[in-house]
Amino acid sequence: MEEKPTRVLACGDVGGQLNAVFSRVQSIQKKAGQFDLLLCVGEFFGTTPEAEAEWQLYKTGAKKAPIHTYVLGAASQETAKKFPGADGCELAENITYLGRRGVFTGVSGLQIAYVSGREAPQEPAPAHCYTAKDLTALVAPLTSSSKFRGVDILLTSQWPRGVWHYANNPEVNTKFCGSSSVANLADKLKPRYHFAALEGAHYERLPYRNHLILQENAQHVSRFIALATVNNPAKKKYLYAFNIVPMKSMDPTEMVKQPQDVTENPYRRVPKDKTETLKTGFSVAEEEEPAPQFFFDLSKSQGGGHRGRGRKRHLDGDGRGRERQHDGDGHQQPRRHPQPTGPCWFCLASPQVEKHLVISIGSHCYLALAKGGLTPHHVLILPIGHYQSVVELSSEVVEEMEKYKSALTSFYKSKGERCVVFERNYRSQHLQLQVVPVPLDRCTTDDIKDAFTVQAQEQQMELMEIPQHTELKQIAPPGTPYFYVEFDSGEKLFYRIRKNFPLQFGREVLASEALLNIPTRADWKECKQSREEEEASCQRLRDDFKPYDFAWED
């Protein structure tokens, strides 16, 4: 029988805001069910009188943490007095201090290694610091066993130095961020998940491998996640939820599977030239451009040409979109869009397409009113040429799709709405990017995200969070059936469809009581309008959207 996964929440610097974090945890548990434990990295306690008053309520038992909570020790002199010593202990009911360093093994066999505080600048170490001896005492007993493959989770307050090499860049000053000792520790312990805080930033690194390809046996990948401070004004992510089956219970072949977006190990990076750091003052990895924020690299060097005012769109008599481009001799050459092999309802050139629903036509994409839409502003972004999914698009089509998304975001914002974008690449032959506005006063982005997660779980599906800089095509090669949803925060959830996916899933979640509360509109066939009503709705939306429509500029 398959091992039941442990459900874990990880949290960044609480900073004494216990009511805020526990209230958020309760809200998550109400929607997504009970979690087994909460792991807090960074500074758990605050230094203000308000933080002290909150803590007293939990310390005296007037309030109780709603989940088994495990915290790291102090990361500053000011909070060190809150902890009785280097050894772990219970601080209040359901709140346990793990200790300065050690290994905690849960009842399921989940192995959690941890180091509290900051690296000591000198000996003797202050109470809020760890030393090289602490790290050796932690690592030696684990790695001395011939059976050691790694730990399930590593908790440190400090970031590992250089974790960003080979990957997406974090929003921190990489010249001064992190500890080399923590990097060395992470390299030796090979955690499947490594959490850290203290930098006030949220950063999910692409997974990295723990072996050299073709030189060592395959090993599991590691994921590093840094979390922000609780209730930070920029609304950066401070809570991370995940399910994990302990390593000791996993099938070895399952455990060493490598995801599409895996990178080299950042801690084993060897400079090509020993003088490179001296010459530049920072490493080559820090000189590189940050990874793009969206699906693909949209840089001009990758073929994403700029649509300037000089380029005109032409619509042939049969509705076929065409671009005029100059060849080397200055003659205009029409560039044809990809064509379907058979009839298609969504290719703009197709006789089947319902052109009265078209709102805007660009060079590569067009915007159409959704048939039987959830709301009057529910639209589709579609490629003019025949593409089945986002992962098959050329960079220039993606570039224009992004422009439409951006224009719609501004348009909805002017109406007091935020947009949710989703795609179902399953039992569909032409890409349809559904864009649905949700009134800002109805629910938060987190509410929408939670609703998708919970409804997926109810249908035995697990939506995976895509790291911010990961391209969709890295996770889903062309031909892979999938469902994908993106929120206005930039967060994205992905599900690889195995079989029997509910076709109306995206609409059902948005129409649910928790969100738009229009359950009768979950199926588009139940919301059909007459042709006259559709034409009138489309004309209203076309006029309304016109100030935001970049296609009118050309």
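Just so we're clear, the structure is a prediction, and the values are computed from it rather than from any experiment.
With no hydrogens or angles considered, no side-chain donor-acceptor pair links Arg192 and Ser222 at under 3.5 Å. Between the side chains of Tyr482 and Glu423, at least one donor N or O sits under 3.5 Å from an acceptor N or O. Between the side chains of Thr253 and Asp251, at least one donor N or O lies within less than 3.5 Å of an accepting N or O. For the 3.5 Å distance criterion, the side chains of Glu119 and Ser179 qualify, holding a donor opposite an acceptor. A donor-acceptor contact under 3.5 angstrom links the side chains of Thr79 and Ser76, judged on distance only. Of the N and O atoms on the side chains of Glu491 and Ser489, at least one donor lies less than 3.5 Å from an acceptor on the other residue. Remark: the Asn94 side chain and the Thr69 side chain contain no N/O donor-acceptor pair separated by less than 3.5 Å. Gln459 and Gln455 share no side-chain donor-acceptor pair at under 3.5 Å. Side-chain atoms of Thr96 and Glu90 include no donor-acceptor pair closer than 3.5 Å. One side chain, Arg205 or Thr263, offers a donor N or O that lies under 3.5 Å from an acceptor on the other.
Side-chain contact between Phe494 and Val485: absent, with no pair of heavy atoms (C-beta onward) separated by less than 4.5 Å. Inter-residue side-chain proximity for Tyr240 and Leu9 is flagged as unmet; no heavy-atom pair is nearer than 4.5 Å. No side-chain heavy atom of Asn217 sits less than 4.5 Å from a side-chain heavy atom of Leu212. Counting heavy atoms from C-beta outward, Ile448 and Cys443 have side chains that approach closer than 4.5 Å. Within the 4.5 Å cutoff, side-chain heavy atoms of Tyr70 are placed close to those of His68. Annotation: side chain of Cys419 is not in contact with side chain of Leu408 (no heavy-atom distance under 4.5 Å). Looking at Arg149 and Met255, their side chains come closer than 4.5 Å, going by heavy atoms from C-beta outward. Using a 4.5 Å heavy-atom cutoff, the side chains of Val230 and Cys11 are in contact.
The two atoms that bring Trp159 and Glu199 nearest to each other are NE1-CG, 3.4 Å, heavy atoms only. When all heavy atoms of Gly99 and Ser116 are compared, the pair lying nearest together is O-OG, 2.8 Å. Here the closest heavy-atom approach between residue Ser157 and residue Leu72 is recorded as OG-CD1, 3.5 Å. Closest approach of His194 and Ala186 over heavy atoms only: ND1-CB, 3.9 Å. Pairing each heavy atom of Met461 with each of Phe505, the nearest pair is CE-CE1, 3.8 Å. Between Ala10 and Leu227 the shortest heavy-atom distance is O-CD1, 3.5 Å.
Between Asp152 and Lys248, none of the side-chain N atoms (NZ, or NE/NH1/NH2) sits under 4.0 Å from a carboxylate O, so this pair counts as no salt bridge. For Lys31 and Asp447, the salt-bridge test passes: some basic side-chain N is under 4.0 Å from an acidic carboxylate O. Between Lys63 and Glu93 there is no salt bridge, since no side-chain nitrogen of the basic residue lies less than 4.0 Å from a carboxylate oxygen of the acidic one. Salt-bridge annotation for Lys492 and Glu465: absent, with no side-chain N of the basic residue lying under 4.0 Å from a carboxylate O of the acidic one.
When each of Phe83, Tyr58, Tyr97 is tested with Phe45 by the rule ring pair (Phe, Tyr, Trp, His ring centres under 6.0 Å), just one qualifies, namely Phe83.
In this view, Lys236 and Glu171, His202, Ala228, Asn232, Ala234 satisfy the side chain to side chain contact (heavy atoms under 4.5 Å, CB included) rule, not counting sequence neighbours.
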Practice task
Using the salt bridge (charged side-chain N to carboxylate O under 4.0 Å, His left out) rule, take Glu486 and Lys405 through it: C-alpha gap first, then chi angles, then the decisive distance, then the call.
Solution key: CA-CA 11 Å; Glu486 178 186 337; Lys405 272 195 212 170; 3.1 Å; yes
Exercise for the section: Determine, step by step, whether Asn231 and Tyr238 satisfy the side chain to side chain contact (heavy atoms under 4.5 Å, CB included) criterion, reporting the C-alpha distance in whole Å, the side-chain angles of both residues, the deciding distance to 0.1 Å, and the verdict. Expected result: CA-CA 8 Å; Asn231 267 5; Tyr238 64 83; 4.2 Å; yes
Handout entry: Step-by-step side chain to side chain contact (heavy atoms under 4.5 Å, CB included) determination, Val139 to Leu185
Key = CA-CA 7 Å; Val139 170; Leu185 178 72; 3.4 Å; yes
Problem - Val221 vs Gln258, side chain to side chain contact (heavy atoms under 4.5 Å, CB included): CA-CA, chis, key distance, verdict - result: CA-CA 7 Å; Val221 300; Gln258 306 291 299; 3.4 Å; yes
Practice task
Please step through side chain to side chain contact (heavy atoms under 4.5 Å, CB included) for the pair Leu239 and Ile28, ending with a clear verdict.
Solution key: CA-CA 10 Å; Leu239 263 182; Ile28 289 169; 3.7 Å; yes
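Gln17 contributes no side-chain N or O that, together with a main-chain N or O of Ala51, makes up a donor-acceptor pair within less than 3.5 Å. Distance alone, capped at 3.5 Å, places no donor-acceptor pair between the Ser27 side chain and the Ser23 backbone. Formation of a donor-acceptor pair under 3.5 Å by the His220 side chain with backbone atoms of Pro191 is not found in this model. Panel note: side chain Thr136, backbone Ala132; a donor-acceptor pair is recorded below 3.5 Å. With hydrogens and angles ignored, the 3.5 Å screen pairs no side-chain donor or acceptor of Gln34 with any backbone N or O of Gln29. The closest donor-acceptor contact from the side chain of Ser512 to the backbone of Val509 lies under 3.5 Å. No donor-acceptor pair under 3.5 Å is formed between the side chain of Lys190 and the backbone N or O of Asp187. For the pair His211 (side chain) and Gln219 (backbone), a donor-acceptor distance under 3.5 Å is present. Side chain of Asn425 to main chain of Thr480: a donor-acceptor pair is present (N/O by atom type, distance under 3.5 Å, no hydrogens or angles). A donor-acceptor pair is defined here as one N or O able to donate and one able to accept, closer than 3.5 Å; no such pair exists between the side chain of Thr229 and the backbone of Asp13.
Within the model, atoms CD1 of Ile153 and CD1 of Ile112 stand 4.5 Å from one another, a figure rounded to the nearest 0.5 Å. Between Lys81 atom NZ and His128 atom NE2 the span is 12.5 Å, to the nearest 0.5 Å. Leu510 contributes atom CG, which lies 9.5 Å from atom CD of Gln434 (distance to the nearest 0.5 angstrom). Interatomic distance, Asp441 CG to Arg418 CZ, rounded to the nearest 0.5 Å: 9.5 Å.
Between Trp164 and Tyr203, the distance from one ring center to the other does not fall under 6.0 angstrom. Not less than 6.0 angstrom separates the ring centroid of Tyr208 from the ring centroid of Phe224.
By the 30° and 60° cut-offs, the orientation of the rings of Phe483 relative to Phe422 is tilted. Ring planes of Trp55 and Phe44: perpendicular class, angle over 60° (limits at 30 and 60°).
More than 12 heavy atoms of other shown residues, nucleotides or ligands fall within 6.0 angstrom of atom CG in Asn173.
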